[in-house]
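Here is the structure we will look at.
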Number of protein chains: 2
Amino acid sequence: MTEGLLKSQLAKKHLKLTRQREIILDAFLKNDHITAEDLYSQISNGNIHLGLATIYRTLNLLCELGIGQQRHFGDSKVLYDNVLNKKHHDHLICIQCGKITEFECPDIEKIQEEMAERNCFVLERHRLELYGHCKDTEKCHAS
Amino acid sequence: MTEGLLKSQLAKKHLKLTRQREIILDAFLKNDHITAEDLYSQISNGNIHLGLATIYRTLNLLCELGIGQQRHFGDSKVLYDNVLNKKHHDHLICIQCGKITEFECPDIEKIQEEMAERNCFVLERHRLELYGHCKDTEKCHAS
DNA sequence: TTTGTTGCAAAAATTTTGCATTGTT
DNA sequence: AACAATGCAAAATTTTTGCAACAAA
């Protein structure tokens, strides 16, 4: 299913389906947000060796195909967000444990449209990140 | 006035007021958002030479003092946002001309609080960026 | 067989750090 | 005099690129 997807997406651009691309897509889709380096480690742990450059190239390719999206979240490293079969969403990031939760909020998006218009601006896309403390684990319950 | 501010802020931390720090603060406050590299160029153009490392160190210091804040905006370079005497604000970024406009929106912030709560999350801060096309100049009016 | 892809190492790009020297308090 | 800051060059970090060998169409 995903293999088929990848293949057809690649075919459109006259690109080739390689074993490496299959491996990377598979690993990528098992995560919600991951860095190139971490994906590299995950794949290495499965005793498959791929060059880090290939990971970067493929991750960027997945973004072009609309399967991934780059995010920052204040870190120096880029996180690749798996957006396959997902609607647009924003993120809650726990400052303490690093947990990332996705959410949607049509109400906010509506107001954003208004804000854009008020500023003579045609909105294309947005990025909203909420940082705070999650109450999920003991170490994360808010003070 | 700003000199006094800088001096007193530094004194609190047993840090010293140097000519370089004055120059950098002055230049920084003339901008709303700027990269370290660009600030370096601006200062160089005034025929003053400072090391780039000093710019970085001082910009980071200004962030610790609450005068600046780091931002990403999707670029690889960090933008330093001048927040002296400003309330919290978010940003509209023009994809075409790069223009950055600041805005506030209490309505959105209210909903953010609700979203955080609904997700068992204590909100600390947020980051909202709207990307699109501004209608200000000919080259930027939306299609 | 043609063209795209990989792996590696080297390069790029951005930011930080070590250290001797200099400047502030 | 004591301590912090600067400048420079070197290092660190993250990502991209060139190119020869290889694999897919």
Side-chain angles (χ1 to χ4, degrees), chain A residues 3-4 6-28 33-44 47-65 68-81, chain B residues 3-4 6-28 33-44 47-65 68-81:
Chain A
E3 244 96 286
L6 183 57
K7 190 161 192 171
S8 63
Q9 297 272 299
L10 291 171
K12 277 187 212 159
K13 303 203 169 201
H14 303 283
L15 302 177
K16 291 169 182 171
L17 178 60
T18 62
R19 177 144 173 61
Q20 286 89 337
R21 284 176 177 169
E22 289 182 325
I23 293 167
I24 294 169
L25 177 64
D26 272 7
F28 178 62
H33 322 84
I34 193 163
T35 63
E37 192 77 43
D38 286 350
L39 195 64
Y40 176 74
S41 303
Q42 273 189 22
I43 291 171
S44 298
N47 267 46
I48 298 170
H49 176 76
L50 302 186
L52 182 53
T54 301
I55 308 273
Y56 273 105
R57 279 186 284 227
T58 304
L59 246 14
N60 289 144
L61 175 63
L62 293 180
C63 289
E64 283 172 35
L65 299 181
Q69 274 177 19
Q70 292 198 176
R71 311 246 176 234
H72 278 273
F73 298 158
D75 266 320
S76 53
K77 291 187 179 184
V78 168
L79 275 184
Y80 290 83
D81 188 355
Chain B
E3 245 95 288
L6 183 57
K7 192 162 192 171
S8 63
Q9 297 271 301
L10 291 171
K12 276 187 212 162
K13 302 203 171 204
H14 304 283
L15 300 177
K16 291 168 181 172
L17 179 59
T18 62
R19 178 146 172 59
Q20 286 88 337
R21 283 176 178 170
E22 289 183 324
I23 293 167
I24 293 169
L25 178 63
D26 273 7
F28 178 63
H33 321 85
I34 193 164
T35 63
E37 192 78 43
D38 286 350
L39 195 63
Y40 177 75
S41 303
Q42 273 189 24
I43 291 171
S44 298
N47 267 45
I48 298 169
H49 176 75
L50 302 187
L52 181 54
T54 302
I55 308 272
Y56 273 105
R57 279 187 284 230
T58 304
L59 246 14
N60 289 144
L61 175 62
L62 294 180
C63 289
E64 281 172 37
L65 299 179
Q69 273 177 18
Q70 293 197 176
R71 309 247 177 233
H72 280 271
F73 298 157
D75 266 320
S76 54
K77 291 188 180 183
V78 169
L79 276 185
Y80 290 83
D81 188 357

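Every chain is numbered from 1 and lettered A, B, ... according to where its sequence line falls, protein lines coming before strand lines. Below, each value reflects all heavy atoms present in this structure, side chains not excepted, and no hydrogens, waters or symmetry copies.
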Using OP1 and OP2 only, check whether a side-chain N or O of B:Thr18 sits under 4.0 Å from D:dT6.
yes
Kindly say if B:Gln20 contacts the phosphate of D:dG7, meaning a side-chain N or O under 4.0 Å from OP1 or OP2.
yes
Here the distance between atom P of D:dA25 and atom NZ of A:Lys13, to the nearest Å, is 17 Å
OP1, OP2 of D:dA2 versus side-chain N and O of B:His14: anything below 4.0 Å?
no
Strictly below 4.0 Å, heavy-atom distances to any atom of DNA chain D: list the hits from residues 50-61 of chain A, or just say none.
A:Ala53, A:Tyr56, A:Arg57, A:Asn60
I want to check one thing: is the phosphate of D:dA23, taken as OP1 and OP2, less than 4.0 Å away from some side-chain N or O of A:Arg19?
no
Gap between atoms NZ and C1', on B:Lys12 and C:dT25 respectively (whole Å)
19 Å
Rounding to a whole Å, what distance do you find between B:Lys77:NZ and C:dA12:P?
15 Å
Could you tell me how far apart B:Asp75 (CG) and D:dT14 (P) are, to the nearest whole angstrom?
18 Å
Between atom CZ in B:Arg21 and atom P in C:dG23, what is the gap in whole Å?
15 Å
Does OP1 or OP2 of D:dT15 have a side-chain N or O of B:Ser76 closer than 4.0 Å?
no
So what does B:Lys16 touch, heavy atoms closer than 4.0 Å: a base, only the sugar-phosphate, or nothing?
base
Based on the rotation axes of five pairs at each end, what angle does the helix from C:dT1-D:dA25 to C:dT25-D:dA1 bend through, to 10°?
30°
Using the ring of each side chain (for Trp, its six-membered ring), is A:His72 parallel, tilted or perpendicular to B:His72, with breaks at 30° and 60°?
parallel
When rounded to whole Å, the CD to P distance for the pair B:Glu64 and D:dA5 reads 11 Å
